[in-house]
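Each remark here refers to the structure printed beneath this line.
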Amino acid sequence: MALHVYDTRTREKRLFETARTGEVDMYVCGITPYSPSHLGHARCYIAFDLIHRWLEASGWTVNYVQNFTDIDDKIINAAAEEGVDFLEVANRNIADYYEVMDELNVLRADHYPRVTEVVPEIIDMVQQLIDKEHAYVAEDGVWFSIASAPEKYGMLTGQSIDAVKAGAGGRVEESGKRDHKDFALWKVAKPGEPSWPSPWGDGRPGWHIECSAMSLKHFGEQFDIHGGGHDLRFPHHEAEIFQSECCTGKTPLVQYWMHNGFVNIDGEKMSKSLGNFWTVREALKNYDALVLRHALLNAHYRSPIDLTEQLLEDAKGHHAKLVEAYGHALVITEQAKKAGMQEAPRLPQADVASNDFLASKLGLLEKLLQDAAIAMDDDFNSRQALAKVSNGARLIPQILNNEEIDEMDTAAFAMYAIDWLEEFAGTVLGLLPEKEVAMAVHDPSLDPARQAVKDQVEQLLARRAIARAAKDWDSADEIRDALAAMGVSVKDTPDGVVWTLD
RNA sequence: GCACAGAUAGCAAAGCCCGGUUACGCGAUGGACUGCAAAUCCAUUUUACAGGGGUUCGAAUCCCCUUCUGUGCUCCA
C-alpha cells in the first residue's frame with residue numbers, strides 16, 4: 001500500500017515520490033480576490049486540504065504554498081467601480097476567503113504569498129527571460145514568445161500548436177504581441193492604474209508570471225505538486241511551464257500536476273450569468289459548513305460534482321449520523337469518567353472479555369479504517385473512504401446500544417470509537433465538529449439553546465403525555481404540531497419522548 | 001473544428017491504470033417496532049456497466065470504430 005497520484009501532464013496515476021525524502025513541496029493556485037469566495041473555491045481548496053491532510057497523516061512534511069493574485073484587471077475594475085484603492089478590494093476579499101475557509105475546516109497553508117509582495121522577484125524573472133530571448137519588449141509591455149519554445153506547447157492539454165494557430169488570431173493588432181499565442185509577462189500601466197516601476201516602464205505583472213516567481217522563491221527550480229482548478233490547465237499552467245522551464249532550464253517544473261473538477265449547480269455550470277452562482281457565505285446560510293464539506297468530499301476530487309438539493313440533503317443525513325456516533329461515544333465516555341471508570345481497557349489491543357459480538361465488530365472497524373486508507377492512497381479517493389467511515393458510523397451506535405455488552409466494555413469501546421472517528425473522520429477528512437457540539441447532538445439536554453424553551457416545552461409534553469395516556473390522539477397530535485411550529489420536533493422512542501430543536 | 005475528460009441499476013456514484021468475488025449510499029417495496037409519525041433494525045429492489053466489433057478460457061475493466069455529453073481553446077478554482 002503506497003500512495004499513487006494522478007498527474008495531468010503524463011495522464012497516469014503513478015507511485016508518489018518526492019525530490020526530498022519525506023517532504024512534499026505543494027503549490028496551489030489561489031484566488032484572485034476581486035469578489036467573495038464561491039462554491040468553486042470551496043471545492044478546490046477543500047480538495048487540496050484533503051490532499052494536504054492525507055499527505056501529513058501518511059507521514060510527509062508538507063510545505064504548502066498558496067498565492068493570492070492581489071493585482072489584476074478584475075480587481076482594478078472592481079476598485080474603480082467602488083471608487084476605492086485596489087488593495088481595499090483585495091484585502092476585503094482575502095479576509096472573506098480566510099473566514100469561509102476556516103468555517104469549512106480548511107487547514108491553513110504554510111505561506112500565502114501575494115503578487116504585490118514579489119514584484120522584485122517577478123521583474124528579475126522577466127529580465128532573465130528577456131536575456132535568454134524567450135521574451136521581448138513591446139510598447140505595451142513584455143511578452144513571452146511561444147515561438148522560442150514550441151516544444152513545450154500543449155504539455156497539459158495535448159493541444160497542438162498548429163491547431164491553436166488556426167484558431168482566432170484577430171487580437172494580435174490590438175497589442176504588441178508578435179503572435180496571438182504569446183502572453184503577457186509585464187503590462188505597462190494605463191493612466192490611473194496601480195503600477196510598479198520596471199525597466200520596461202511602470203506597470204504590473206502579467207497574470208501567469210507570479211506563480212512561477214513564487215514557486216521559484218519558495219521551492220526552487222522544481223517541485224513536487226502543483227494544483228489548481230481544471231480550467232487553469234490552459235493557459236495558466238502551461239504558461240507557467242514556459243516561463244519557469246525557460247528561465248531555469250530545468251525540466252519538468254512539476255512532478256505531479258493536480259487539477260480538481262468543477263462544481264455544477266443542478267446540472268449547469270455555476271456562473272454569474274446563469275444566476276446559479278453561490279458564494280460560500282450564501283451556501284452556509286442554508287447548510288452547515290461541515291455538511292457542505294461532506295457533500296464536496298463525497299466525490300472524487302477530479303470528477304465534476306453536481307450540487308443538487310438532494311445531494312446536499314443526503315450529505316446532511318450522512319453527516320448527522322457521523323456526528324451522532326461521535327457524540328454518543330463522547331457522552332458515554334464522560335459518564336464513565338464520572339462513574340470512576342477511567343481504567344477501562346484500551347481497545348482493540350486489550351482482550352474483549354464480554355462477548356464475541358464486540359470482538360467481531362472491532363475487527364470490522366479495523367478493516368474499515370484500513371480500507372479507507374487504501375482508498376486514500378489511490379489518488380485520494382475520498383468518496384470511497386467516506387463510504388467506509390459511514391459504515392463505521394453506523395456500526396458504532398449499534399455497539400454502544402447493545403445490552404449484551406457490559407458497562408466496562410462499553411466504556412472501553414466508546415473510547416476506542418472516539419479514537420476511530422478522530423483518526424480518520426476528524427484528522428483526515430476534517431468532518432468532526434467540536435466535542436460539545438457533537439455531544440449536544442446526541443444528548444440534546446446538553447444544548448444551551450434548549451434552556452430558554454425548556455419549561456414551556458416540558459409543560460406541553462406533560463399535557464401531551466396525559467392526552468396519550470387517555471388515547472386522545474387528536475389532542476396529542478395537536479400539541480405535537482404546536483411544538484413543531486415552535487421549531488421543536490418530538491420523537492417517541494422506546495426510551496421515552498425525545499425532543500430536539502431544529 | 002481541435003484538445004481533454006466522461007457515458008455504470010429508479011437517482012447518485014466507486015470500480016477501469018493492475019481483466020475473473022458484493023460496491024457504498026439515497027429512493028422504493030415488504031417486515032419488526034409504533035396510536036400515528038419519526039428514528040432504528042432486517043429483507044428485497046441483482047445476471048447495471050452508451051452502441052457495435054475484436055482480443056481472451058473469461059471484459060464494466062484491454063484494443064478498434066460509432067454515438068452522445070461536459071469542459072478547455074478569451075478572464076476563470
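As the structure is a computational prediction, the values presented were derived from the model and not from experiment. Worth knowing before you read on, the calculation uses all heavy atoms, side chains too, and leaves out hydrogens, waters and symmetry mates. The sequence lines fix the lettering, A, B, ..., with proteins before strands; numbering per chain opens at 1.
- One can place NE2 of A/H230 at 8 Å from P of B/A5, the figure rounded to the nearest angstrom.
- Residue A/Q384 is in base contact, counting any heavy-atom pair closer than 4.0 Å across all strands shown.
- Taking 4.0 angstrom as the limit, A/R11 places a side-chain polar atom (N or O) nearer than this to OP1 or OP2 of B/C4.
- Here A/H38 lies in heavy-atom contact (under 4.0 Å) with a base.
- Spacing between B/C2 and B/U66 at atom P, rounded to whole Å, works out to 12 Å.
- Look at CE on A/M155: it is 18 Å from C1' on B/G72, rounded to the nearest Å.
- Rounded to whole Å, the separation between the C1' atoms of B/C16 and B/A5 comes to 14 Å.
- Rounded to whole Å, the C1' atom of B/U56 lies 12 Å from the corresponding atom of B/C63.
- A gap of 44 Å separates the C1' atoms of B/U71 and B/G30, to the nearest Å.
- To the nearest angstrom, P of B/C75 lies 16 Å from CZ of A/R233.
- With 3.5 Å as the limit, one finds no donor-acceptor pair spanning the side chains of A/Y27 and A/D224.
- Protein atom CG of A/D306 is 14 Å distant from nucleotide atom C1' of B/G6, rounded to whole Å.
- Judged by distance alone, the side chains of A/D70 and A/T116 do bring a donor and an acceptor atom under 3.5 Å apart.
- Across all strands, A/F262 comes closer than 4.0 Å to base atoms (heavy-atom distances).
- Residues A/H208 and A/L185 are not in side-chain contact: their nearest non-hydrogen atoms beyond the backbone lie 4.5 Å or more apart.
- Shortest non-hydrogen contact noted between A/M155 and A/E238 is N-OE2, 3.4 Å.
- Two rings, from A/Y45 and A/Y97, have their centers less than 6.0 Å apart.
- The CG atom of A/L312 sits 17 Å away from the C1' atom of B/G27 (whole-angstrom rounding).
- Side-chain proximity of A/Y45 to the nucleotides B/C26, B/A77, B/C73 is greatest for B/A77.
- Within 4.0 Å (heavy atoms only), A/G229 reaches sugar-phosphate atoms of the nucleic acid but no base atom.
- Contacts of A/V498 with the nucleic acid, taken as non-hydrogen atoms under 4.0 Å apart, are absent.
- Comparing the C1' positions of B/A23 and B/U8 gives an interatomic distance of 11 Å, to the nearest angstrom.
- Spacing between atom CZ of A/F183 and atom P of B/C73 amounts to 15 Å, rounded to whole angstrom units.
- Residue A/K13 places its side chain closer to B/C17 than to any other of B/C24, B/C17, B/C73.
- More than 12 heavy atoms of other residues, nucleotides or ligands sit less than 6.0 Å from atom CD of A/E151.
- Look at the C1' atom in both B/C42 and B/A48: the space between them is 25 Å, to the nearest Å.
- In this structure, of B/G15, B/A13, B/A5, it is B/A13 that holds the atom nearest to the side chain of A/R383.
- When the C1' atom is used for both B/U46 and B/C68, the distance is 27 Å, rounded to whole Å.
- The cationic group of A/K152 does not satisfy the cation-pi geometry with A/F242, failing either the under 6.0 Å distance to the six-membered ring centre or the 45° limit from the ring axis.
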When every nucleotide of nucleotides 36-42 of chain B is labelled 5' to 3' by its protein contacts under 4.0 Å (heavy atoms), B for base, S for sugar-phosphate only, - for none, what sequence of letters results?
-> BBB-SS-
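- Contact annotation for A/D472: no contact, since no heavy-atom pair falls under 4.0 Å across all strands.
- Taking atom CG of residue A/D231 and atom C1' of nucleotide B/C4, one finds them 13 Å apart after rounding to whole Å.
- If you check every strand for non-hydrogen atoms under 4.0 Å, A/Q310 touches sugar and phosphate atoms only.
- Because its NZ or CZ atom is not both nearer than 6.0 Å to the ring centre of A/Y301 and within 45° of the ring axis, A/R383 does not count as a cation-pi partner of that residue.
- Listed nucleotides B/C26, B/C73, B/G15 differ in distance to A/N381; the shortest reach to its side chain belongs to B/G15.
- With RNA chain B read from its 5' end, the first of the two nearest nucleotides for A/C44 and A/A299 is the one closest to A/A299.
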With a 3.5 Å cut-off and sequence neighbours excluded, list the donor-acceptor pairs that the side chains of residues 311-319 of chain A form with protein atoms.
{"residue": "A/E313", "atom": "OE2", "partner": "A/Y287", "partner atom": "OH", "Å": "3.2"}
{"residue": "A/H318", "atom": "ND1", "partner": "A/D314", "partner atom": "O", "Å": "3.1"}
{"residue": "A/H319", "atom": "NE2", "partner": "A/L431", "partner atom": "O", "Å": "2.8"}

Given ring-ring contact (aromatic ring centres under 6.0 Å, His included), test A/H38 with A/W278 step by step and report yes or no.
-> CA-CA 6 Å; A/H38 58 250; A/W278 284 23; over 10 Å; no
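- Side-chain contact between A/P235 and A/F183 is absent, with no heavy atoms from C-beta onward closer than 4.5 Å.
- The P atoms of B/A37 and B/A32 are separated by 13 Å, rounded to the nearest whole Å.
- With a cut-off of 3.5 Å on both pairing distances, the Watson-Crick and G-U wobble pairs of RNA chain B assemble into stems of 3 or more at B:1-7 with B:67-73, B:27-32 with B:40-45, B:50-54 with B:62-66.
- Between A/F48 and A/Y64, the distance from one ring center to the other does not fall under 6.0 angstrom.
- Taking atom OH on A/Y301 and atom P on B/A5, their separation rounds to 14 Å, with Å as the unit.
- Taking the nucleotide of RNA chain B with the nearest heavy atom to each of A/G228 and A/N391, the more 5' of the two is matched to A/N391.
- For A/H300, the listed nucleotide lying nearest its side chain is B/A14; candidates were B/C4, B/C26, B/A14.
- Using a 4.0 Å heavy-atom distance criterion, A/D314 is classed as a sugar-phosphate-only contact.
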